[in-house]
Amino acid sequence: MAKQEHNIIPRARNSVRKWMKEQSLPYKELISYYTCAMMEVETRFRVLDEDFSIKYDRNPIETIKTRIKSFDSIMDKLSRNSYPLTVESIENNLNDVAGVRVICSFQSDVYQLAEAFLSQDGVQLLVRKDYISNPKPSGYRSLHLVVAVPIFLHDHKKLMKVEVQFRTLAMDWWASVEHTIRYKKDVELSEQAAKELFECAEMSDALDRRMEYINSLARKK
Ligand code: 0O2
């Protein structure tokens with residue numbers, strides 16, 4: 001495919017959406033590469049979970065969730081940041097088209113899994129944001145990594161970006177409920193509601209720490 005065919009100079013946003021969604025083979029190809037990279041990362045975590053379960057007699061991962069960002073969310077994010085609405089621009093400018101969420105029992109599992117994953121061959125760390133050590137003003141906690149991983153196609157290898165979010169069950173529960181509350185309303189959250197949500201995040205963090213402590217007591221026996 002010639003390079004200029006990837007570039008679109010839209011007159012109207014709707015025509016771009018139609019072009020990308022229905023006509024664009026490069027778009028479909030790119031999404032399939034992200035899907036492969038997401039599967040690659042998911043498998044690496046399933047292997048780690050299996051290995052930890054043999055060594056420590058316990059599975060550190062509760063759940064793994066995966067998602068590919070929807071076409072509409074991709075378009076919204078490109079537009080919001082004034083990036084070109086092209087297939088190349090998606091690959092160059094967005095880090096979170098492929099997302100893997102690893103939900104763990106304990107905060108220590110989060111860091112242990114992240115370090116084990118990052119030390120693997122082929123995993124290249126691009127961005128690390130530790131919202132567990134430094135929670136967001138909303139109270140949001142999670143460890144975010146953007147990595148590049150290789151996918152092996154029939155005639156070449158390609159590096160694809162994947163965003164991995166690590167959370168405990170409590171962090172994930174808070175983020176899911178907060179998301180529901182925040183996005184149910186079209187208007188900004190009231191100061192009172194935001195304050196209450198922040199306090200709930202602190203409470204769930206306290207619960208996480210207490211569970212970790214109880215686990216250490218139980219393992220001493
Ligand atoms: P989705 O559907 O979960 O992907 P940006 O990615 O451009 O928004 P930045 O700074 O690169 O900005 O990303 P950031 O803030 O490090 O991580 C963004 C993602 O983290 C969000 O993705 C959420 O998944 C999650 N997140 C960040 N802050 C909050 C928060 O206060 N509450 C909740 N519930 N989730 C949060 P998306 O794109 O919003 O959605």
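Remember, it's 1-based here, ligands and their atoms both numbered in the order they're listed.
Nearest approach of Y56 to R219, heavy atoms of both residues: O-NH1, 4.0 Å. Here the closest non-hydrogen pair linking A116 and L48 is CB-CD2, 3.9 Å.
Between W174 and ligand 1, not a single N/O pair is under 3.5 Å apart. Residue contacts with ligand 1: S176 is placed with no nitrogen or oxygen under 3.5 Å of a nitrogen or oxygen of the ligand (distance criterion only). The shortest N or O to N or O distance between R67 and ligand 1 is under 3.5 Å.
The protein heavy-atom contact nearest to atom 21 (C) of ligand 1 is Q165 NE2, 4.4 Å. In this structure, atom 39 (O) of ligand 1 lies nearest to the protein heavy atom Y183 OH, 4.7 Å. Looking at atom 34 (N) of ligand 1, its nearest protein heavy atom turns out to be E178 OE1, 2.8 Å.
Looking at residues two or more places apart in sequence or on another chain, you find no ring-ring contact (aromatic ring centres under 6.0 Å, His included) involving F198.
Taking the six-membered ring where the residue is Trp, Y140 and H144 present perpendicular rings, their angle passing 60° and hence far from 30°. Aromatic ring pairs are classed by plane angle as parallel below 30°, tilted from 30° to 60° and perpendicular above 60°; the pair H156 and Y33 is perpendicular.
The nearest protein heavy atom to atom 26 (N) of ligand 1 is closer than 4.0 Å. Contact annotation for atom 37 (P) of ligand 1: protein absent (non-hydrogen atoms, distance under 4.0 Å). In this structure, atom 3 (O) of ligand 1 has a protein heavy-atom contact shorter than 4.0 Å. Closer than 4.0 Å to atom 32 (N) of ligand 1 lies at least one heavy atom of the protein.
For Y213 and D208, the side-chain atoms include no donor-acceptor pair closer than 3.5 Å. Judged purely by distance below 3.5 Å, without hydrogens or angles, the side chains of T35 and S32 never pair a donor atom with an acceptor atom.
For ligand 1 and A175, the ligand atoms under 4.0 Å from any heavy atom of the residue are 34 (N). Numbered from 1 in the order shown, with element, the atoms of ligand 1 that lie under 4.0 Å from a heavy atom of S138 read 30 (C), 31 (O). Taking every heavy atom of K69 and a limit of under 4.0 angstrom, the matching atoms of ligand 1 come to 4 (O), 38 (O). Under a 4.0 Å criterion applied to the non-hydrogen atoms of H144, ligand 1 contributes the atoms 16 (O), 17 (O), 19 (C), 20 (O).
The number of heavy atoms from other shown groups lying within 6.0 Å of CG (N81) is above 12.
At a heavy-atom cutoff of 4.0 Å, ligand 1 is contacted by the side chain of R101 but not by its backbone. Only the side chain of K136 comes within 4.0 Å of ligand 1, counting heavy atoms alone; its backbone N, CA, C and O stay farther away.
No side-chain donor-acceptor contact under 3.5 Å links E42 to the backbone of T66.
Because its NZ or CZ atom is both nearer than 6.0 Å to the ring centre of Y131 and within 45° of the ring axis, K136 counts as a cation-pi partner of that residue.
When the heavy-atom distances from atom 14 (P) of ligand 1 to Y131, Y140, F198 are ranked, the shortest goes to Y131. Distances from atom 11 (O) of ligand 1 to the heavy atoms of E163, K129, R141, R182 put K129 nearest.
Distances shorter than 4.0 angstrom occur between a heavy atom of K77 and an atom of ligand 1.
Considering V100, D172, V102 in turn, D172 is the only one that fulfils the side chain to side chain contact (heavy atoms under 4.5 Å, CB included) rule with K65.
In this structure, E202 pairs ionically with R141, as a charged nitrogen and a carboxylate oxygen lie closer than 4.0 Å.
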